**Student:** 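First the structure, which I've put down as structure tokens, then a few questions once you've had a look.
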Amino acid sequence: MSGPNTNYDPVEVTPLSPDEVARMRDEALAAIASARTLEELKEARIAHFGDKAPLTLANAEIGALPPQARAEAGKRVGAARAEVRRALAERTAQLEAERDRQVLLTEAVDVTLPWDRMPPGARHPVTMAADRLSDVFVAMGYEVAEGPEAEAEWYNFDALNFPPDHPAREAQDTLFVAGPKETPAEGGPGGTGGPGGTGGTGGTGGPLSSGRSGGPLSSGRSGGPLSSGRSGGPLSSGRSGGSGVILRTHTSPVQIRAMLSRPLPLYVVSPGRTYRSDALDATHSPVFHQIEGLAVDEGLTMADLRGAIQSFVDAMFGEGLRTRFRPDFFPFTEPSADVSMECHICRGASARPDGEPCRVCRSQGWIEIAGCGMVNPRVLIACGIDPDRYSGFAFGLGIERTLMIGHGVTDIRDTIEGDVRFSRAFGTEI
Ligand code: PHE
């Protein structure tokens, strides 16, 4: 039987000696202090405060000591571990604060930066106006018809009863793409054409009236009616000559295209780009837009035309504005009229003696908005339509002009320069 192990003095257990505990503590504190990241601190925690850390193991040894020694060692190790725990908590707080500061710096959102360098595009105000104008007629049962911008002279003039020497055909008003001789094989209406003469002088034109002799859609209206003394007008003078190609000066050639290609009765509206050789200024542009309306049916009268125009004005400018027809002349309508509507801004008040001046109608009380008339029987005949059975009406208006009237725009150049500051004011419909 073995006696008690007198050599065993648990008080002397090395890991619990004051020096050793202090060394382990200092090592732990040094490791904690030198941790530069939370990751390094985690490693230090495992090494010096984890299950296998020297101080933890030492702590486990305490139970084996005799009571007195156990109490002292317990205090020593407990104090050391408490110090390490506090150091860990402090360093954790420091490193977390540092990390948060870094996150704020590197992930900061600069709210003053442009939020979107590529804003989505939007439709142009002229396109929106054209659609809105078309919609008014589509709602009344009209179909949308289109035609080419580079148009045969025959469609633009001859078939519309413009005489060969009408001044609107003059290069001063009309932009030519190809003369009669150089007509490309595909370009014209199958190589047919009217007399093709481009003689004549002068003529006014432009999408806006601005006090000129022309109305809102005028082009060469100073030319007068059909040339007199000819045997047969331009329509009966044969279609065998060459026909030049021009940039269409109005949307009226689409009337001819519609009548030649569509069944009757016919109700079409055709918005589109038109060209005249005008210098660009506040009220004229060589490129502008028109919208044309054409109805051909049995029994149509001028009352139907008036009704169509009135519904259009009601839809575009609000109900209750009167419209006025005054005699006018277009070769392709007979009788013809120019349409004015009561000024939607002053409602005619500025025209009274005591009225305030109105910039929109120039104190006239009325604004010219369109040209119109009953389709000239000669045009119906040119399109193979029996004028004894069918009658028709047509009207045309300038889109920029309508847009400008409605929104108080005074310079037509704003509608073509493409400055988004102008466009944005009309909204950003896509
Ligand atoms: N085309 C004519 C113009 O541009 C307008 C118009 C169209 C007149 C239809 C009558 C009928 O001036």
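Computed from a predicted structure; not experimentally measured. As the structure lists them, so they are numbered: ligands from 1, and atoms in each ligand from 1. In this chain, numbering begins with 1 at the start of the sequence shown.
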**Student:** Does any donor atom in the side chain of S243 or E153 lie under 3.5 Å from an acceptor atom in the other side chain?
**Tutor:** no
**Student:** Check each heavy atom of F332 against ligand 1 and say whether those closer than 4.0 Å belong to the side chain, the backbone, both or neither.
**Tutor:** side chain
**Student:** Any nitrogen or oxygen of Q290, main chain or side chain, under 3.5 Å from a nitrogen or oxygen of ligand 1?
**Tutor:** yes
**Student:** Give yes or no for whether the N/O distance cutoff of 3.5 Å, strictly under, is met between H250 and ligand 1.
**Tutor:** yes
**Student:** Is the Lys NZ or Arg CZ of R257 less than 6.0 Å from the centre of Y155's six-membered ring, within 45° of the axis?
**Tutor:** yes
**Student:** For residues Q94 and R91, is any side-chain donor paired with an opposing acceptor at under 3.5 Å?
**Tutor:** yes
**Student:** Pull out every atom of ligand 1 sitting under 4.0 Å from any heavy atom of S252, numbered as shown with elements.
**Tutor:** 1 (N), 7 (C)
**Student:** State the atoms of ligand 1, each with its element, that fall below the 4.0 Å cut-off from a heavy-atom position in C372.
**Tutor:** 8 (C), 10 (C), 11 (C)
**Student:** Quick check on contacts: which atoms of ligand 1 are under 4.0 angstrom from a heavy atom of G396?
**Tutor:** 6 (C), 7 (C), 9 (C)
**Student:** Before signing off on this row, confirm whether T249 and ligand 1 have an N or O atom pair separated by under 3.5 Å.
**Tutor:** no
**Student:** Say whether, by atom type as modelled, one donor and one acceptor occur between the side chain of S391 and the main chain of L300 under 3.5 angstrom.
**Tutor:** yes
**Student:** Where does the angle between the aromatic ring planes of H166 and F162 fall among parallel (under 30°), tilted (30 to 60°) and perpendicular (over 60°)?
**Tutor:** perpendicular
**Student:** In ligand 1, which numbered atoms sit nearer than 4.0 Å to a non-hydrogen atom of Q255?
**Tutor:** 9 (C)
**Student:** Ring centroid separation for H250 and F330, is it under 6.0 angstrom?
**Tutor:** no
